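Reviewing the structure listed below.
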Amino acid sequence: MAGSRKPAQEGGGSLWRAVRAVAWAMIGLRNGDEYRKDQTLLRPLQVVGIALVALFLLVLLLMGLVHWVA
């Protein structure tokens, strides 16, 4: 079918694409074209899972930094 969406598995590196999308979202910068591609290629559950892991790692990093400075 010409107008069908590609599944995330066919995207080639969809996990890496999700990690990049979450990282750019945390910074607050994202190119509009890439954002639209991410909407069609990534599954919401995948993005939420990676975002939770990234948030957990950020909290651990901040706790380690505070422990190191204090």
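Below, each value reflects all heavy atoms present in this structure, side chains not excepted, and no hydrogens, waters or symmetry copies. Nothing here was measured: the structure is a model prediction, and the numbers come from that model.
Tracing side-chain contacts under 4.5 Å through hydrophobic residues (I, L, V, M, F, W, Y), one reaches V47 starting from V19; they form part of the same cluster.
The distance from atom CG of L55 to atom CG of L60, rounded to the nearest 0.5 Å, is 10.0 Å. E34 contributes atom CD, which lies 6.5 Å from atom CG of D38 (distance to the nearest 0.5 angstrom). Atom CG in L15 sits 12.0 Å away from atom CZ in R17 (nearest 0.5 Å).
Heavy atoms only, all atoms of each residue included: L42 and S14 are closest at CD2-O, 3.5 Å. The shortest non-hydrogen separation linking V22 to A54 is CG1-CB, 4.2 Å. Among all heavy-atom pairs drawn from M26 and A51, the shortest one is CE-O, 4.3 Å.
Atom CG of L57 has more than 12 neighbouring heavy atoms from other residues, nucleotides or ligands inside a 6.0 Å radius.
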